[in-house]
Amino acid sequence: MEGGACGGTIVETEAYLQRGDASCHAARGMTLRNAPMFGPPGHAYVYFTYGNHFCLNVVCCEEGIAEAVLIRAIEPTHGVEAMRRRRGRDALRDLCSGPGKLCQALGLGREHNRLDLCGGSPLSLRAGDTAPRSRIVTTTRIGLRHAAELPLRFYLRGSEFISHK
DNA sequence: GCAAAGATCCAG
DNA sequence: TGGATCTTTGCT
């Protein structure tokens, strides 16, 4: 992020696997929508859902392997006022505590799909403090009809900024 | 061509 | 707890 940009610390994610995961968009092969998942790692996969919301994923595997991490919640640290404006909410907890919310707060949309998150883009991932393993909780994912039993949701224990307990 | 589901959010 | 809202996908 450059000066004046907004962002925060990732506190909740979910993984989507190419094999054995019926909820992964790529479970039945490549389509127009999920093509970015098959692309190079470190790039964004942003898609539109439920008629109102975008979701941000980070492509994780080498080209041809369609796996990604959904960013579900971040703890806002920069550009809080801009996020409040975009969200129309005041409470810090309500800005980025969900995949659709954080995209709205950050102003993410179709134009961010496929962007390289490793630098040189308006959107980027930065190395920060790594949470100790003891603070990472592993649970089942949220809002799924298929493969809901897989333990692929990860969040920071004790964080006020996650989407659910 | 059409119908149904969907990695959500918010109001009531 | 249910409705809004619309895109993508797969099939009648």
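Computed from a predicted structure; not experimentally measured. Per chain, numbering begins at 1; letters A, B, ... match sequence-line order.
Straight-line distance from the CZ atom of R89(A) to the C1' atom of dT8(B): 13 Å, rounded to whole Å. Taking atom CG of N34(A) as the reference point, atom P of dA7(B) lies 12 Å away to the nearest angstrom. Put simply, CE on M37(A) is 16 Å from P on dT8(C), counting in whole angstrom units. Between F48(A) atom CZ and dC9(B) atom C1' there is a gap of 12 Å when expressed in whole angstrom units. Atom pair H164(A):NE2 and dA7(B):P shows a separation of 14 Å (rounding to whole Å applied). For the pair L144(A) CG and dA5(B) C1', the interatomic distance rounds to 13 Å; values are reported in whole Å. For the pair R28(A) CZ and dC11(C) P, the computed distance is 8 Å after rounding to whole Å. Distance I71(A) CD1 to dT8(B) P: 14 Å, rounded to the nearest Å.
The aromatic ring of Y50(A) does not stack onto the base of dA4(C), failing the criterion of a centre distance under 5.5 Å from the six-membered base ring together with planes under 30° apart.
Note on R141(A): nothing from the nucleic acid sits closer than 4.0 angstrom, heavy atoms only. Residue R153(A) is classed as having no contact, given no heavy-atom separation below 4.0 Å to the nucleic acid. Among the atoms of the strands shown, only primed sugar atoms or phosphate atoms (P, OP1, OP2) are found under 4.0 Å from some heavy atom of H146(A). Residue G51(A) is in base contact, counting any heavy-atom pair closer than 4.0 Å across all strands shown.
For R110(A), taking side-chain heavy atoms from C-beta onward, the closest of the listed nucleotides dT7(C), dT9(C), dC9(B) is dT7(C). Among the nucleotides dA7(B), dC6(C), dG10(C), the one closest to the side chain of L70(A) is dA7(B). Considering only side-chain atoms of N52(A), the nucleotide from dT5(C), dT8(B), dC10(B) that sits closest is dT5(C). Counting only heavy atoms from C-beta on, C55(A) has its side chain closest to dT8(B) among dC10(B), dT9(C), dT8(B).
Taking CG of L125(A) as the reference point, atom CG of L123(A) lies at 7.0 Å (rounded to 0.5 Å).
Of all nucleotides present, none satisfies the Watson-Crick or G-U wobble test against dA7(B) with each distance under 3.5 Å.
Between Y155(A) and K165(A) the shortest heavy-atom distance is OH-O, 3.1 Å.
For the residue pair Q104(A) and R86(A), no side-chain donor N or O sits within less than 3.5 Å of a side-chain acceptor on the partner. A side-chain N or O of E12(A) and one of S163(A) form a donor-acceptor pair less than 3.5 Å apart.
Residue R135(A) qualifies as enclosed at atom CZ: its count of foreign heavy atoms under 6.0 Å is above 12.
Residue R33(A) places none of its side-chain N or O atoms closer than 4.0 Å to OP1 or OP2 of dA7(B).
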